[in-house]
Amino acid sequence: MGDSQTWTAAPSAAEHARSVLAASWSCAVTAEGGREEFVGAHTVAEDGRVTLDVPEDSTLVAAAICAPRGEPSAVLEFADVAPVPVRSRIRARLWIAGWFVPVDGRLEFTTTRVVLRRPSGAVVVDLDEFAAAAPDPLATAEARLLTHLADCHPDAVERLTRLVDADSLHGAVRVQPLAVDRHGLTLRIERARAHGDVRLPFHAPADDVAQLTERMHVLLTQASAASCPRALQRQRTDRDG
């Protein structure tokens with residue numbers, strides 16, 4: 001009962017930002033020397049500080065050495081890309097402004113501003129909240145979990161649509177799993193010329209894959225007890241015909 005008092009149905013902006021940072025394998029850096037893309041070059045400390053391991057001949061190294069200390073001189077950009085092929089695969093973008101300090105052949109980043117852009121709009125994340133937040137416990141496993149659900153259990157995805165309001169399914173031509181975190185599963189509903197997202201919250205947060213499995217079983221049990229949406233019934237009939 002105690003957990004239900006503090007549980008929310010979606011991650012906070014700071015938690016979402018830290019999850020994007022934890023799951024991202026690449027980042028783009030814009031500085032005085034221009035813009036560079038790095039893959040597998042960054043590490044993240046427990047408080048969200050980013051360190052880059054870049055080649056010695058990178059223009060970013062020279063820019064970091066020449067930039068005025070204590071003044072924002074670089075922006076890191078991370079993209080949150082849906083692992084399942086859907087329209088508009090960029091689910092969010094994270095920008096972190098600040099400056100680099102060369103330390104032992106690496107570049108340590110001091111953050112001055114964090115901005116998270118989601119479909120609902122951009123939000124400036126408080127720096128203290130960003131440092132204190134923890135990534136979602138499923139963030140690094142999400143890609144594997146969603147691709148498995150989409151590729152191996154399309155019947156389960158279709159069954160979950162029984163929990164979606166019929167109006168949201170009007171004109172649907174495809175439904176795919178878009179995102180999952182400890183609080184719930186998000187489905188992407190694609191129509192002929194548009195798309196929308198629907199979130200199915202879990203009855204309690206899932207802190208690991210085992211708990212996620214149980215939460216998904218609860219959703220599927222609820223879906224099995226619900227009637228099939230008329231929109232998908234018509235869609236299935238048209239497809240079969």
Side-chain angles (χ1 to χ4, degrees), residues 3 5-32 35-54 60 63-64 67-83 89-104 106-143 178-184 186 197 199 201-202 205-208 212:
D3 290 343
Q5 295 177 1
T6 57
W7 175 69
T8 56
S12 67
E15 291 169 338
H16 191 173
R18 289 296 302 272
S19 296
V20 172
L21 193 57
S24 295
W25 181 242
S26 64
C27 72
V29 182
T30 302
E32 287 290 333
R35 180 181 172 92
E36 292 188 67
E37 301 275 350
F38 297 96
V39 178
H42 71 278
T43 55
V44 184
E46 288 188 3
D47 62 358
R49 287 179 298 168
V50 178
T51 299
L52 274 180
D53 188 0
V54 301
L60 188 59
R69 294 296 179 92
E71 295 184 12
S73 57
V75 176
L76 313 184
E77 180 180 342
F78 302 87
D80 177 19
V81 183
R89 292 185 70 174
I90 303 297
R91 303 180 300 189
R93 290 189 185 275
L94 176 67
W95 289 279
I96 304 178
W99 69 86
F100 284 108
V101 177
V103 178
D104 299 329
R106 309 183 76 193
L107 297 177
E108 294 185 357
F109 196 71
T110 298
T111 299
T112 59
R113 186 177 176 88
V114 177
V115 177
L116 177 69
R117 177 176 290 280
R118 298 181 280 194
S120 58
V123 58
V124 177
V125 181
D126 180 83
L127 293 183
D128 290 336
E129 292 180 4
F130 179 76
D136 188 89
L138 303 175
T140 57
E142 184 195 25
L178 177 71
V180 68
D181 55 60
R182 69 192 298 258
H183 301 292
T186 300
D197 301 333
R199 187 168 177 82
F202 299 141
D207 292 327
D208 53 39
L212 173 65

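As the structure is a prediction and not an experimental result, all values here were calculated from the model.
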Kindly compute the distance separating CD1 (Ile96) from OG1 (Thr110), expressed to the nearest 0.5 Å. 12.0 Å

Could you tell me whether the side chain of Pro83 reaches within less than 4.5 Å of the side chain of Arg91, counting heavy atoms only? yes

Given side chains that start at C-beta, do those of Leu107 and Val101 come closer than 4.5 Å, heavy atoms only? no

More than 12 non-hydrogen atoms from neighbouring residues, nucleotides or ligands closer than 6.0 Å to CZ on Arg89, yes or no? yes

At what distance, to the nearest 0.5 angstrom, does CG of Leu94 lie from CZ of Arg117? 12.5 Å

Answer yes or no: are there more than 12 heavy-atom neighbours, outside Glu46 itself, under 6.0 Å from its atom CD? no

Atom of Asp181, atom of Phe202 and distance for their closest heavy-atom approach: O-CE1, 3.3 Å

Once rounded to the nearest 0.5 Å, what's the spacing between atom CZ of Phe38 and atom SG of Cys27? 7.0 Å

Spacing of CD belonging to Glu15 relative to NE2 belonging to His183, to within rounding of 0.5 Å: 5.5 Å

Examine distances only and state if a side-chain atom of Glu36 and a backbone atom of Leu60 form a donor-acceptor pair shorter than 3.5 Å. yes

For a quick test of your reading: what N or O donor-acceptor pairs under 3.5 Å do the side chains of residues 118-136 make, sequence neighbours left out?
from: Arg118; atom 1: NH1; to: His16; atom 2: ND1; distance (Å): 3.4
from: Asp126; atom 1: OD2; to: Asp128; atom 2: N; distance (Å): 3.0
from: Asp126; atom 1: OD2; to: Glu129; atom 2: N; distance (Å): 3.0
from: Asp136; atom 1: OD1; to: Arg182; atom 2: N; distance (Å): 2.9
from: Asp136; atom 1: OD2; to: Leu138; atom 2: N; distance (Å): 2.9
from: Asp136; atom 1: OD2; to: Arg182; atom 2: N; distance (Å): 3.4

Thr43 side, atom OG1; Leu52 side, atom CG - distance, nearest 0.5 Å: 8.0 Å

Residues pairing under ring-ring contact (aromatic ring centres under 6.0 Å, His included) where one sits in residues 106-125, two or more places apart or in two chains, turn out to be Phe100-Phe109

If you take all heavy atoms of Leu21 and His42, which pair is closest and at what distance? O-NE2, 4.0 Å

Between Ala79 and Ile90, the two heavy atoms sitting closest are CB-CD1, 4.2 Å

Hey, is CZ on Arg49 packed in by over 12 heavy atoms from elsewhere, all under 6.0 Å? no

Can you tell me how far the CG atom of Leu178 sits from the CD atom of Glu142, to the nearest 0.5 Å? 8.0 Å

For Asp53, all residues meeting side-chain contact (heavy atoms from CB on, under 4.5 Å), sequence neighbours excluded: Arg106

Smallest heavy-atom separation, Ala22 atom then Thr140 atom, equals O-CG2, 4.0 Å

